[in-house]
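Working notes, structure below.
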2 protein chains.
Amino acid sequence: MDTKSLMIEKATLLFQQKGYKSVGVSEILKACDVTKGALYHHFPNGKEELLIACLKSLKEAITIDMEDIFKKHSSTQEATQFMLNKLIHNLETEGKLTGYTFSSIVSEMATVSEPVRQACNSLYENIQTIYYTKLATEGFSNELASDIALLLTTSIEGAIMLCQTQRSTAPLKTIAKLLPTILKGRTS
Amino acid sequence: MDTKSLMIEKATLLFQQKGYKSVGVSEILKACDVTKGALYHHFPNGKEELLIACLKSLKEAITIDMEDIFKKHSSTQEATQFMLNKLIHNLETEGKLTGYTFSSIVSEMATVSEPVRQACNSLYENIQTIYYTKLATEGFSNELASDIALLLTTSIEGAIMLCQTQRSTAPLKTIAKLLPTILKGRTS
DNA sequence: GTCTATAAGCAGATAGAC
DNA sequence: GTCTATCTGCTTATAGAC
């Protein structure tokens, strides 16, 4: 793997786990076993440019993964359930957050850096579109599909935050349990 | 007002708006018009001790405010609706986040500092207890009341995060609209 | 209880060799 | 394309006067 991709991969993991500011450039470099020269060659604007590259890469990875899951399951409920189980499983086995979350970065940076805010926004829009599209094919009205897509996004992101705070996977499990309630109003 | 309370008040606002790491000690000091001497006199352990004091103060303020709202409204739905409107109004008029949110701090610090994580956890528990208590009096079973309290907490926190990312109040408004769906299952 | 001055360390970023 | 060495500025924290 080329150095640039390696840096994006390692940095993404670190940012997801500890946020943006808490991760030093030197820590990323150490994880990749490269030095500053490589970083500033590939990302002339430094750490923030690297973060934005991570968000873009994450957006692609999440989109591919979610679209695959949503293709393999017939209903939004089943697909989401599967996705949540995967998230819970990752959290329990690795003990740390990987996968679809980047809420640390959002909360920390959205009010501080406009380019980062836009990258995060684009990511969330993508996720909601995936829910929306599936819900629409299930017979939900456009408005309801859009509203429920938002509710799914917010409750899952909020639950991930609570999992971090509680050091447990209980919040995500409860959301999984409540999926039928959240997806109420279905017409098919 | 004494210096200590002033520092807690100003620091809370700054932390809520920009997160923890993004706010420098000097910025807080400037906002209070005091110098380092005062800070390290009242908070010997420095910035992190100040943050924890902020979280405790926020916990009290939120509890008092929410309990008041939940006392004045007969149903959870009305009370929550009122609370969300207040949140939306604050966001629209002041253009910045004040009030019940501290998700930036959670996401940023929960994996990095254990005392801060505990303070955040205690805050979320309080909020959920307020929802839970009200829901229980409305005839929800203990389990359902507890689950819905969590769903309210996560979806509102998630919505606040999305509001920051989108620079709009739309997500919170959608959650407000969906309250009947979220509170489905009511038996009274 | 609050001030000033200063310390000590680390952040992110750069220059130039190879 | 990656290295080493260095720079600048900012961060939190401390010491001691008032």
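Residue numbers begin at 1 in each chain, while the letters A, B, ... track the order of the sequences. Just the heavy atoms: all of them, side chains too, but no hydrogens, waters or symmetry mates, feed the values below.
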Problem - Glu78(A) with Lys134(A): basic N within carboxylate O range, under 4.0 Å - result: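 Looking at Lys134(A) together with Glu78(A), the answer is no, because their closest N to O distance does not fall below 4.0 Å.
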Practice task
Step by step, work out the ring-ring contact (aromatic ring centres under 6.0 Å, His included) result for Phe102(A) and Tyr20(A).
Solution key: CA-CA 10 Å; Phe102(A) 50 100; Tyr20(A) 177 70; over 10 Å; no
Please state how far atom [atom1] in [X] lies from atom [atom2] in [N], giving the value in whole angstrom units.
| X | N | atom1 | atom2 | value |
| --- | --- | --- | --- | --- |
| Leu39(B) | dT11(D) | CG | P | 14 Å |
| Leu29(B) | dC3(C) | CG | C1' | 11 Å |
| Leu50(B) | dT12(D) | CG | P | 11 Å |
| Lys4(B) | dT2(C) | NZ | C1' | 15 Å |
| Glu27(B) | dG9(D) | CD | P | 20 Å |
| Ile28(B) | dA13(D) | CD1 | P | 11 Å |
| His42(B) | dA13(D) | NE2 | P | 16 Å |
| Leu6(A) | dG1(D) | CG | P | 15 Å |

Exercise for the section: Tell me yes or no: between the side chains of Gln118(B) and Glu114(B), is some donor less than 3.5 Å from an acceptor? Expected result: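 Judged by distance alone, the side chains do pair up.
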Can you tell which of [options] lies closest to the side chain of [X]?
| X | options | answer |
| --- | --- | --- |
| Thr35(A) | dC3(D), dT2(C), dG12(C) | dC3(D) |
| Ala38(B) | dT2(C), dG12(C), dT2(D) | dT2(C) |
| Lys47(B) | dA13(D), dC3(D), dA5(D) | dA13(D) |
| Thr3(B) | dA13(D), dA13(C), dT2(C) | dT2(C) |
| His41(A) | dG1(D), dC3(C), dT14(C) | dG1(D) |
| Val25(A) | dA13(D), dG12(C), dG1(D) | dG12(C) |

Practice task
Check whether any side-chain N or O of Thr153(B) sits under 3.5 Å from a backbone N or O of Ala149(B) as a donor-acceptor pair, and report yes or no.
Solution key: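 Looks like yes, one N/O pair under 3.5 Å.
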Handout entry: Phosphate contact (dC10(D) OP1 or OP2) by Ser26(B) side-chain N/O below 4.0 Å
Key =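 For dC10(D), OP1/OP2 do not have a side-chain N/O of Ser26(B) under 4.0 Å.
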Exercise for the section: Check whether any side-chain N or O of Tyr40(B) sits under 4.0 Å from OP1 or OP2 of dT14(D), and answer yes or no. Expected result: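 It does not, given that no N or O in the side chain of Tyr40(B) lies less than 4.0 Å from OP1 or OP2 of dT14(D).
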Problem - 5'-most by nearest nucleotide on DNA chain C - Val34(B) or Gly37(A) - result: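 Residue closer to the 5' terminus by nearest nucleotide: Val34(B).
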Exercise for the section: Compute the ring centroids of Phe140(A) and Tyr132(A), then answer whether they are less than 6.0 Å apart. Expected result: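 They do not qualify: ring centres at least 6.0 Å apart.
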